[in-house]
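Everything below concerns the one structure shown next.
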Amino acid sequence: MLDQWNLLKDVNWIAPDRLEARVRVPQDCIWFTGHFPGEPILPGIALVYTVYEAILRTAQKRGEAVSISSLKRVRFTGPVRPGEAFLLNLTGEDRNTEILFNFKVIVHDKVICSGQAAATKRPSGIN
């Protein structure tokens with residue numbers, strides 16, 4: 001069921017703590033339902049959820065388990081429309097018990113969303 005909400009498909013790790021993902025948003029994507037009739041745009045929470053999925057994949061690749069503890073300085077400066085593609089850049093910085101992730105979402109060479117997420121490391125196997 002959650003898979004219909006997941007836009008993250010094509011992930012490329014540039015380094016263990018850095019990834020780039022190209023995302024194409026389908027015309028009929030469930031995220032557009034009711035947002036907004038006649039002028040659909042991808043809700044900001046869909047972009048944040050895509051960042052969350054990228055953080056989980058990065059942690060999994062590193063053999064770690066994490067919980068998102070905060071979002072900071074999240075800015076939305078432009079829309080994502082049905083059928084458009086965006087590029088997600090995510091870079092992590094390890095700080096002992098937490099990892100800081102800086103992210104940018106880029107559409108047509110313009111940053112339309114950026115921010116920072118902090119993730120707390122936790123023992124593997126605990127959800």
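- Looking only at distances, a side-chain donor or acceptor of H35 sits under 3.5 Å from a matching main-chain atom of I41.
- The two atoms that bring T77 and C113 nearest to each other are OG1-N, 4.4 Å, heavy atoms only.
- P40 and G38 get closest at one heavy-atom pair: CD-C, 3.7 Å.
- Looking at S67, its side chain never comes within 3.5 Å of a backbone N or O of T120 through a donor-acceptor pair.
- If you take CZ on R22 and CG on N12, they are separated by 8.5 Å, rounding to the nearest 0.5 Å.
- T58 places none of its side-chain heavy atoms less than 4.5 Å from the side chain of I55.
- Listed by first then second residue, pairs satisfying salt bridge (Lys or Arg N to Asp or Glu O under 4.0 Å) with a partner in residues 33-45 read E39-R81, not counting sequence neighbours.
- From L47, atom CG reaches atom OG of S114 across 11.0 Å, with rounding to the nearest 0.5 Å.
- Using a 4.5 Å heavy-atom threshold, the side chains of D17 and R62 count as touching.
- No path of Ile, Leu, Val, Met, Phe, Trp and Tyr side chains, each step under 4.5 Å between heavy atoms, connects V51 with L87, placing them in separate hydrophobic clusters.
- Note: T97 OG1 to K121 NZ = 8.0 Å, rounded to the nearest 0.5 Å.
- The neighbour count for K9 NZ, taken as heavy atoms of other residues, nucleotides or ligands under 6.0 Å away, is above 12.
- A side chain to side chain contact (heavy atoms under 4.5 Å, CB included) with F103 is found for one member of T91, N89, V74 and no other, namely V74.
- Between D10 and R24 there is no salt bridge, since no side-chain nitrogen of the basic residue lies less than 4.0 Å from a carboxylate oxygen of the acidic one.
- Looking at heavy atoms from C-beta onward, F76 lies in side-chain contact with V48 at the 4.5 angstrom threshold.
- The side-chain heavy atoms of V23 and V80, taken from C-beta on, include no pair separated by under 4.5 Å.
- In this structure the side chain of R75 never reaches within 4.5 angstrom of the side chain of V111, judged on heavy atoms.
- To the nearest 0.5 Å, the span separating OH on Y52 from CG on L8 amounts to 12.5 Å.
- Looking at every heavy atom in both residues, H108 comes nearest to E84 through NE2-OE2, 3.1 Å.
- Using cut-offs of 30° and 60° on the angle between ring planes, the pair W31 and W5 is perpendicular.
- Listed by chain and number, the hydrophobic cluster partners of I14 come to none, as no ILVMFWY side chain reaches under 4.5 Å of it.
- The shortest distance between side-chain heavy atoms of Y49 and L7 does not fall below 4.5 Å.
- Counting only heavy atoms from C-beta outward, the side chains of E64 and I99 approach each other to under 4.5 Å.
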Inset, instruction - Start with the C-alpha gap between I106 and F86, add the side-chain angles, then the distance that decides, and say whether side-chain contact (heavy atoms from CB on, under 4.5 Å) holds. - result: CA-CA 5 Å; I106 302 162; F86 64 84; over 6 Å; no
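- The heavy-atom pair separating P82 from Q27 by the smallest distance is CB-OE1, 3.5 Å.
- Of all heavy-atom pairs spanning E98 and S69, the tightest one is OE1-OG, 4.1 Å.
- Rounding to the nearest 0.5 Å gives a distance of 14.0 Å between CH2 of W13 and CZ of R18.
- The CG atom of L90 lies 12.0 Å from the CD atom of E53; values are rounded to the nearest 0.5 Å.
- In this structure, F32 is a member of the same hydrophobic cluster as I30, with clusters built from ILVMFWY side-chain heavy atoms closer than 4.5 Å.
- Residue L88 comes nearest to A54 through the heavy atom pair CD2-CB, 3.8 Å, listed as atom of the first residue, atom of the second, then distance.
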